[in-house]
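Residue numbers start from 1 in every chain, and the chains themselves are labelled A, B, ... in the order their sequence lines are given, proteins ahead of strands.
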Amino acid sequence: MHHDCMLLARLARVSQEVAATSARSRKTALLAELFREAEAADVPVVIPYLAGRLPQGRIGVGWKVLGARVDPAAEPSLTVREVDDRLTRLAAVSGPGSQAERTRLVGELMGAATEDEQRFLLGLLTGEVRQGALDAVAAEGLAQATGAASADVRRAVMLAGSLRTVAEALLADGPRALGRFRLTVGRPVLPMLAHSASSVAEAVGKLGVAAVEEKLDGIRVQVHRDGDTVRLYTRTLDDITDRLPEVTAAALSLPDERFVLDGEVLSFDADGRPRSFQETAGRVGSRTDVATAARTVPVSPVFFDVLCVDGRDLLDLPLAERHAELARLVPEPMRVRRTLVTGAGDTGPAERFLADTLARGHEGVVVKGTDAPYSAGRRGASWLKVKPVHTLDLVVLAAEWGHGRRTGKLSNLHLGARAADGSLVMLGKTFKGLTDAMLAWQTARLGELAVEEYGWGVTVRPELVVEIAYDGLQRSTRYPAGVTLRFARVLRHREDKRPEEADTVEALLAAHPGVRP
DNA sequence: TTCCGACAGTGGGGTCGCAAT
DNA sequence: ATTGCGACCCCACTATCGGAA
């Protein structure tokens, strides 16, 4: 055995151990032990693998390409480097016949893997390792393995936008290497995210002095400009510069030459009302004929934060100071609308601002503590989004068996509304909002109502009513009413209601006049 | 001791691009 | 020309661990 090149079997075993332990501290220790053993050349592979991701990112392999089961090898022989080489070649396959070729290559790889290795590879390729440890736990393990402070490692990962880069530097040069990771124009950082609050009053109550900003329903964008060079990144740091020439032009129109801005990109119609999320997303997703797409659905950037300007890193400044810089750099129409409130006794203006924002066709508001720094890569408690919630009483038509910790439970519900002729029309599915107790209860109840058992679940007599919360209505080509619910989740089972009392498609459409099938 | 922040898991719908049919 | 798959946008919510209060 070559001890200088790690075997995949070792990773597969550690992954299994990590999955089998619930204590996060123990998971961390297991990962740290493995990282300590890894040779420098293996690190760029071992680290992402144990964080449950491929260093190549997604490589066009899903359940179809994984296809049929392959007989496993009896003895482990694959090294992590060999696996990485094979997957790099696989990722490069394209053109006619590529699906067959990818299937062949995956089969070959699986045939060289033992049963345990197959299980691990399957998780990696589908992006579902389910070992209870992803980037954050891996970063903690890396800190433990190298003796670096975990907060420093976390910060470096946010600024590098990549665990792998930080791992390589750390294992090569030790903790002092972390100082090299600074906010740099042209290198995207993980964006700060928001928590939810159920009302403006709740959000302001938690945050005190706060800015209330409109929440636009588009695509998050991070804009880097260095002189004549502009680059645009999504929330997951994908480079989408080539798709949005208008945004590049907007960045070039600003007075400063070096900055990083955070904002939302979306499309407005001729009257200045925001177009639907679906239209904006379609535009941002278009890559082949950008010129035509830009003519039919032009987009605009609307900024709400600035992370860096003229080489000054603003991340640790309070929002109030960052916003002062933003206001200096970015003219009014290219900035998110906002209002300031002084605390819990002052929610009136915030409520009015929310109502006005909704009237103008936007999604809701984000309430932000004005003292808070920019917590890159974190779901900071200092940003709280508030969106209106709609509810409906719908009838369960069928339910699908869950996976993972929901194995053996009827989890994903098919939801129906009443139509004019008395029939039930499916509007979508949901698995969200269920506690373990609700899951157990509905599994038993739906078992009683079961009509037919399929591999995926059961169809049931349409008698169970559920109260569903959702964020809005959107067009659908999949469902018969031509519309579906956005972000549907279960609030409670309504045994007190009969299916005849459920809501109708007609009423649903009437409640959302802006959306037509 | 209790509370709460951070994480991972469990999936939802739409849209685009590309390959297969 | 149409269909199916995979990637990647948007995302809500619960359970759990472990440190903060």
Practice item. List for me each residue that meets side-chain hydrogen bond (donor to acceptor under 3.5 Å, both in side chains) alongside A:Arg486, sequence neighbours excluded, and say none if there are none. Key: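 With neighbours one apart ignored, the set is A:Asp217.
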Review point. How would you list, by chain and number, every residue that makes a side-chain hydrogen bond (donor to acceptor under 3.5 Å, both in side chains) with A:Asp239, sequence neighbours excluded?
Key: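 Scan of A:Asp239 (side-chain hydrogen bond (donor to acceptor under 3.5 Å, both in side chains), adjacent residues dropped) gives A:Arg231, A:Thr241.
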[atom1]/[X] to [atom2]/[Y] distance, rounded to the nearest 0.5 angstrom?
{"X": "A:Lys387", "Y": "A:Ser196", "atom1": "NZ", "atom2": "OG", "answer": "6.5 Å"}
{"X": "A:Leu216", "Y": "A:Thr280", "atom1": "CG", "atom2": "OG1", "answer": "10.0 Å"}
{"X": "A:Leu508", "Y": "A:Tyr470", "atom1": "CG", "atom2": "OH", "answer": "5.0 Å"}
{"X": "A:His362", "Y": "A:Glu214", "atom1": "NE2", "atom2": "CD", "answer": "4.5 Å"}
{"X": "A:Asp135", "Y": "A:Arg164", "atom1": "CG", "atom2": "CZ", "answer": "13.0 Å"}

Report which part of the nucleic acid [X] touches: base, sugar-phosphate, or nothing (heavy-atom distance under 4.0 Å, all strands).
{"X": "A:Ala133", "answer": "sugar-phosphate"}
{"X": "A:Thr280", "answer": "nothing"}
{"X": "A:Val284", "answer": "nothing"}
{"X": "A:Gln131", "answer": "sugar-phosphate"}
{"X": "A:Ala136", "answer": "sugar-phosphate"}
{"X": "A:Val65", "answer": "sugar-phosphate"}

Would you tell me if any nitrogen or oxygen in the side chain of [X] comes within less than 4.0 Å of OP1 or OP2 on [N]?
{"X": "A:Gln278", "N": "B:dT15", "result": "yes"}
{"X": "A:Trp63", "N": "C:dC5", "result": "no"}
{"X": "A:Lys215", "N": "C:dC11", "result": "yes"}
{"X": "A:Arg235", "N": "C:dC10", "result": "yes"}
{"X": "A:Thr484", "N": "B:dG12", "result": "no"}
{"X": "A:Thr234", "N": "C:dC9", "result": "yes"}
{"X": "A:Ser411", "N": "B:dT10", "result": "no"}
{"X": "A:Arg405", "N": "B:dT10", "result": "no"}

Practice item. Treat primed atoms plus P, OP1 and OP2 as sugar-phosphate and everything else as base, then score nucleotides 16-21 of chain B 5' to 3': B for base contact with protein heavy atoms under 4.0 Å, S for sugar-phosphate contact only, - for none. Key: SSSSS-
In whole Å, I'd like the distance from the [atom1] atom of [X] to the [atom2] atom of [N].
{"X": "A:Asp217", "N": "C:dA12", "atom1": "CG", "atom2": "P", "value": "11 Å"}
{"X": "A:Arg220", "N": "C:dC8", "atom1": "CZ", "atom2": "C1'", "value": "16 Å"}
{"X": "A:Arg53", "N": "B:dA8", "atom1": "CZ", "atom2": "C1'", "value": "14 Å"}
{"X": "A:Leu384", "N": "B:dC4", "atom1": "CG", "atom2": "P", "value": "14 Å"}
{"X": "A:Leu237", "N": "C:dA7", "atom1": "CG", "atom2": "P", "value": "18 Å"}
{"X": "A:Leu193", "N": "B:dA8", "atom1": "CG", "atom2": "C1'", "value": "15 Å"}
{"X": "A:Lys387", "N": "C:dC10", "atom1": "NZ", "atom2": "P", "value": "12 Å"}
{"X": "A:Gln474", "N": "C:dC11", "atom1": "CD", "atom2": "C1'", "value": "10 Å"}

Practice item. Classify the angle between the aromatic ring planes of A:Trp383 and A:Tyr374 as parallel (below 30°), tilted (30 to 60°) or perpendicular (above 60°). Key: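 Because their plane-to-plane angle is over 60°, the rings of A:Trp383 and A:Tyr374 count as perpendicular.
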What's the closest nucleotide to the [X] side chain, out of [options]?
{"X": "A:Lys385", "options": "C:dC11, B:dG12, B:dG13", "answer": "C:dC11"}
{"X": "A:Arg58", "options": "C:dA12, C:dC8, B:dT10", "answer": "C:dC8"}
{"X": "A:His403", "options": "B:dG12, B:dG11, B:dC7", "answer": "B:dG11"}
{"X": "A:Lys429", "options": "B:dG13, C:dC9, C:dA7", "answer": "B:dG13"}
{"X": "A:Arg478", "options": "B:dG12, C:dC10, B:dG13", "answer": "B:dG13"}
{"X": "A:Lys64", "options": "B:dG12, C:dC11, C:dC5", "answer": "C:dC5"}

Exercise for review: Using the closest heavy atom to pick a nucleotide of DNA chain B for each, name whichever of A:Gly132 or A:Asn412 lands nearer the 5' end.
Suggested key: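 It is A:Gly132, whose closest nucleotide lies nearer the 5' terminus.
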**Study point:** Position toward the 5' end of DNA chain B (nearest nucleotide), A:Gly428 or A:His195
**Key:**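 Nearest-nucleotide comparison on DNA chain B picks A:His195.
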Practice item. Among A:Asp242, A:Thr248, A:Val265, find the residue that satisfies the side-chain contact (heavy atoms from CB on, under 4.5 Å) test when tested with A:Leu232. Key: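 Single pass found, and it is A:Thr248.
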Point to revise | Members of residues 431-443 of chain A that approach DNA chain B, where some heavy atom sits under 4.0 Å away | key: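 Within residues 431-443 of chain A, the residues near DNA chain B are A:Phe431, A:Lys432.
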Practice item. Could you go through the side-chain contact (heavy atoms from CB on, under 4.5 Å) check for A:Ile240 and A:Tyr233 one step at a time? Key: CA-CA 6 Å; A:Ile240 53 167; A:Tyr233 303 94; over 6 Å; no
Exercise for review: State the pairing partner of B:dC7; accept Watson-Crick or G-U wobble contacts with both distances under 3.5 Å, and report none otherwise.
Suggested key: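 Because no pair has both required distances under 3.5 Å, B:dC7 counts as unpaired.
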Check your understanding: Start at the 5' end of DNA chain C and walk down; is the nucleotide closest to A:Arg489 or to A:Arg486 reached first?
Key ->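 Counting from the 5' end, the first nearest nucleotide belongs to A:Arg486.
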Point to revise | Contact nearer the 5' end of DNA chain C, comparing A:Gly218 with A:Leu125 | key: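 Result: A:Leu125.
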Check your understanding: In residues 297-305 of chain A, what residues come within less than 4.0 Å of DNA chain C, judged by heavy atoms?
Key ->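 When residues 297-305 of chain A is checked for heavy atoms under 4.0 Å from DNA chain C, there are no hits whatsoever.
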Review point. Looking at residues 18-34 of chain A, who's got a heavy atom less than 4.0 Å off DNA chain C?
Key: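 Correct list: A:Ser22, A:Ala23, A:Arg24, A:Ser25.
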**Study point:** Test item: A:Arg516 and A:Leu509 side chains (from C-beta on) under 4.5 Å apart, heavy atoms
**Key:**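 Yes, close enough: below the 4.5 Å cut-off.
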Review point. Below 4.5 Å, heavy atoms only, C-beta onward: do A:His414 and A:Val396 meet side chain to side chain?
Key: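 Result no, sub-4.5 Å side-chain heavy-atom pair not found.
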Review point. Are the side chain of A:Arg58 and the backbone of A:Leu125 linked by a donor-acceptor contact shorter than 3.5 Å?
Key: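 Present.
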**Study point:** Exam field: side chain A:Thr391 to backbone A:Ile468, donor-acceptor pair closer than 3.5 Å
**Key:**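 Between the backbone of A:Ile468 and the side chain of A:Thr391 there is no qualifying donor-acceptor contact (under 3.5 Å).
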Review point. Quick one: do the A:Ser267 and A:Arg283 side chains pair a donor with an acceptor below 3.5 Å?
Key: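 Note: A:Ser267 and A:Arg283 side chains miss the donor-acceptor criterion.
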Exercise for review: Evaluate the side-chain hydrogen bond (donor to acceptor under 3.5 Å, both in side chains) criterion for residues A:Glu279 and A:Ser276: first the C-alpha distance (whole Å), next the side-chain angles of each, then the deciding distance (0.1 Å), finally the verdict.
Suggested key: CA-CA 5 Å; A:Glu279 288 173 277; A:Ser276 74; 3.2 Å; yes
**Study point:** Minimum heavy-atom distance A:Gln278-A:Arg475, with the two atoms named
**Key:**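 Heavy-atom minimum between the residues: NE2-O, 3.0 Å.
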